[in-house]
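For reference, the structure discussed in these notes is given below.
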Amino acid sequence: MIRLIIVVLLLLIFAVFSLIALPILWLIGKKNPVVKEKASDAIARFMFRLILFVCGTKTTAIGVENIPTDKPVLFVGNHRGFFDVIISYTYIKTRAAYVAKKEMAKVPILRVWMRNIRCLLLDRQNAREALKSILSGIEYIKDGTSLVIFPEGTRNKGEGVMEFHAGSFKLAEKSHSLIIPVTQNNTSAIFEDQKPFLKKAHTVIEFGTPVDMSLMSPDEKKNVATYIHDIILSTYEKNQNLV
């Protein structure tokens with residue numbers, strides 16, 4: 001209960017801070033968009049680390065060395081809780097944006113911060129709009145921004161890893177970028193397993209070996225969603241022993 005109260009207070013303070021910071025960042029962006037983006041990124045990372053500290057979250061990180069520092073990639077992960085984003089964002093040190101569902105745009109302050117760090121909002125119910133988001137994502141990667149996507153499409157409330165949406169992998173194929181499988185364990189233990197309360201928990205995040213679609217045969221490319229899914233599922237099952 002105490003953790004929940006502190007996090008709520010932090011979010012309220014951050015909301016007030018945002019009323020001052022966002023207009024300033026908007027003005028900065030008029031002259032220097034890169035500075036605006038870097039400042040927004042630094043603020044978001046600080047806030048995420050603070051929330052994890054208050055929640056008492058400890059994370060074992062594996063394979064961080066697999067993240068290229070000289071090129072953008074497509075991070076593909078499983079999705080078990082809200083803290084998947086918070087944890088992965090603190091370990092992905094390179095320039096990266098998240099692909100999120102369009103409903104996030106309904107949160108006034110949050111949507112501005114998401115726009116500042118170049119997040120993409122995906123409408124899975126509208127094929128035309130979804131295609132526009134995919135095309136924008138391809139341009140993001142070509143422009144040097146890595147993308148993070150959860151191709152299950154929603155948080156998994158059961159065991160294992162749900163089926164992946166194959167369209168997500170067009171981002172890697174069309175931008176000729178590497179795919180980094182990202183597997184997280186036990187993130188739901190922080191909030192979802194006993195919501196609305198927050199609980200101290202130990203999580204695991206593992207960044208897998210990069211996958212290069214350009215080296216795949218046509219048939220392998222058609223089945224890349226299943227291939228990456230199986231990598232993440234096997235990693236998830238392996239790392240269950242670590243939490």
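Computation of the quantities below employed the complete heavy-atom set of this structure, encompassing side-chain atoms and omitting hydrogens, waters and symmetry-equivalent molecules.
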Between the main-chain N or O of [Y] and the side-chain N or O of [X], is there a donor-acceptor pair closer than 3.5 Å?
| X | Y | value |
| --- | --- | --- |
| His229 | Val161 | yes |
| Asn156 | Gly160 | yes |
| Asp84 | Arg80 | yes |
| His202 | Leu242 | yes |
| Asn78 | Gln184 | yes |
| Ser177 | Val73 | no |

For this session: Fit a plane to each ring of Phe150 and His79, take the angle between them on a 0 to 90° scale, and name the class: parallel (under 30°), tilted (30 to 60°) or perpendicular (over 60°).
Result: parallel
For this session: Any pair with a residue in residues 14-35 that passes side chain to side chain donor-acceptor pair (under 3.5 Å), sequence neighbours left out, goes on the list, sorted by first then second residue, please.
Result: Ser18-Trp113
Exercise. So, are Glu192 and Lys195 salt-bridged, with charged N and O less than 4.0 Å apart?
Worked result: no
Exercise. Between Pro151 and Ile149, which heavy-atom pair has the shortest distance, and what is it?
Worked result: CD-O, 3.3 Å
Side-chain contact, heavy-atom cut-off 4.5 Å: [X] with [Y]?
| X | Y | answer |
| --- | --- | --- |
| Glu173 | Val224 | no |
| Ile86 | Phe82 | no |
| Thr235 | Asn239 | yes |
| Thr183 | Asn185 | yes |
| Val182 | Val148 | no |
| Lys38 | Ile28 | no |
| Ser175 | Ile138 | yes |

Problem set entry | Geometric cation-pi criterion Arg45 and Tyr89, 6.0 Å radius, 45° cone | yes
Validation: residues 52-59 side-chain donor-acceptor distances under 3.5 Å, sequence neighbours left out:
residue	atom	partner	partner atom	Å
Thr59	OG1	Thr203	OG1	2.8

Seminar exercise, completed: CD1 (Ile232) and CD (Glu206) are apart, to the nearest 0.5 Å, by 10.5 Å
